[in-house]
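These figures come from a predicted structure and were not determined experimentally.
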Amino acid sequence: MAIRLRKLAREIRREPADLLGILHALGYRRYRTVDDMLTDDIRARLLRAVRAGVEPELVSDAAQPEAPKGSELERLASGDGDLMGGLMRGVTPLDRPASSPSSAGGSPSSSRSHASGAQASRAPSSVRVGGNASGPTSGAALDDRAAMLDSRERTLELSKRRVEDAQRQVEEERGRIEALRVAVEQERASLQDRRRSLDALRAALDEERDALAEEGRSRDAAPTASLVSLLEARGLRGADEFERAIVGLARARRLQDVLLTLGTDDARALRRLLDDHLLLTGPHPPEGLAARSEATVTVAPDRAEVPDATDLARLGERLSDAILLDGWRSVRLVGGRSTLVRLLKDALDSRITLTWSPGTLRTVAAARADVSDADVVVLWGVDEEPGATALYDAARPVVVRTGASDLSRLIQDIVGR
């Protein structure tokens, strides 16, 4: 059931403007005022974002609630207004003369009214009754009016006690909220101390591990020589001659013997080089692939990172149909290799816009940029900060996380999201 944003703010005890700012941070910018209605799905996403601590955006044109107006009874109780005049027609306070339509003209009737008012002010009664004052007011009428005034006073006193009770309840609730806030702050400080101690312990363990590894390498190391130094000793000079020597050994079917004797002191750098510049393809790769990649190797189809041309066209058509049937037009792909992204973009329908970002760590700012202008966000093997994960989960676009190792599995993960 739909709910107004202002009402939801009261239920969870948050400012309506904060909830509106969180909606804008999630990409729901069609909500402009705190009186807008939220669907059940948007409400659930908003509540998840609030629990996850998503920071709100600043919204300057949020509608503010009008100040409540006090009731007539509260206005009379506070002394603002004529209590006797509000209870009985024609009754005015002693210190204010009764108004008369002919008082401004200075006529004889005004003089008589003034004389009658002076005579009435000398009477023992505490009020002056307008209208026909020619005869004295009966005692029974005065008693009835006094009883009515007593009833009004008791009603005002009852209303005052109710207001005081409500204020007392508000103060008690405020005290409970403050105590809860203090407890939360203490728990947060405790968790931060625990996190710092764990970080220090992890750093110490890393140092110990590195020291043990260095000790093992120094104990077991044997005299080694680099491949470059051996090629230079053979009489070669420069990187061009080194590369031609390696190619020549490969053509002569002797490179296998060389590979079995090789090692590296920086396995991480060599692994990154192979990941970025070596591409595994099937027997019939798409046209133009060789020109886009620095090195390609044909392997069995089940190990290929790029499917054959016919398979890629079929998978691209299947993905395009799935995206268009859901009414989407823009896809943002984060992570993966630029060569594979270009192949995927060529395989998609021309009505679909595909944008790509490198697979760096996704911060809150990066996640907000990802969900701001896309219908589908695909996170391909990227790491996320906790705040970014919460924003992705509550955002409007569909978010697909995949660790696919090749283009075929990537397309299947997006279609079967």
With the threshold set at 4.0 Å, does a side-chain nitrogen-carboxylate oxygen contact exist between [X] and [Y]?
X    : Y    : value
R188 : E185 : yes
E157 : K160 : no
E173 : R176 : yes
R342 : D346 : no
E178 : R181 : yes
R162 : D165 : no
D311 : R314 : yes

[atom1] of [X]: more than 12 outside heavy atoms within 6.0 angstrom?
X    : atom1 : answer
E55  : CD    : no
D383 : CG    : no
R196 : CZ    : yes

Shortest non-hydrogen contact from [X] toward [Y]:
X    : Y    : result
L407 : L340 : CD1-O, 3.9 Å
D308 : P285 : OD1-N, 4.2 Å
V34  : A17  : CG1-N, 4.2 Å
V364 : E385 : N-OE1, 3.8 Å
L20  : R32  : CD2-O, 3.4 Å
L46  : L19  : CD1-O, 4.0 Å

For [Y], is there any backbone N or O sitting under 3.5 Å from a side-chain donor or acceptor partner on [X]?
X    : Y    : answer
S190 : Q186 : no
D375 : R329 : yes
W356 : V334 : no
R14  : A9   : no

Hey, does [Y] have a side-chain heavy atom less than 4.5 Å from the side chain of [X]?
X    : Y    : value
T389 : R401 : yes
R396 : V371 : no
D373 : S330 : no
R368 : L391 : yes
D370 : V399 : no
I352 : L319 : no
W380 : L410 : yes

| message | Is there a side-chain contact (heavy atoms from CB on, under 4.5 Å) between Y392 and V377? Walk through the geometry before answering. | response | CA-CA 9 Å; Y392 280 132; V377 178; 4.3 Å; yes

| request: Please report the C-alpha distance between R362 and T360 in whole Å, then the side-chain angles of each, then the deciding distance to 0.1 Å, and finally whether the side-chain hydrogen bond (donor to acceptor under 3.5 Å, both in side chains) criterion is met. | output: CA-CA 6 Å; R362 308 319 286 171; T360 56; 3.2 Å; yes

To the nearest 0.5 Å, how far apart are [atom1] in [X] and [atom2] in [Y]?
X    : Y    : atom1 : atom2 : result
E384 : L379 : CD    : CG    : 5.0 Å
R202 : R209 : CZ    : CZ    : 10.5 Å
H24  : R30  : NE2   : CZ    : 10.5 Å
I246 : R251 : CD1   : CZ    : 13.0 Å
T353 : K345 : OG1   : NZ    : 8.0 Å
L354 : R332 : CG    : CZ    : 10.0 Å

| Are D349 and S320 linked by a side-chain donor-acceptor pair shorter than 3.5 Å? |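 There is no such pair (donor and acceptor under 3.5 Å, judged by atom type) between the side chains of D349 and S320.
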
| request: Apply side-chain hydrogen bond (donor to acceptor under 3.5 Å, both in side chains) to D36 and T33, showing your working. | output: CA-CA 6 Å; D36 290 344; T33 68; 3.1 Å; yes

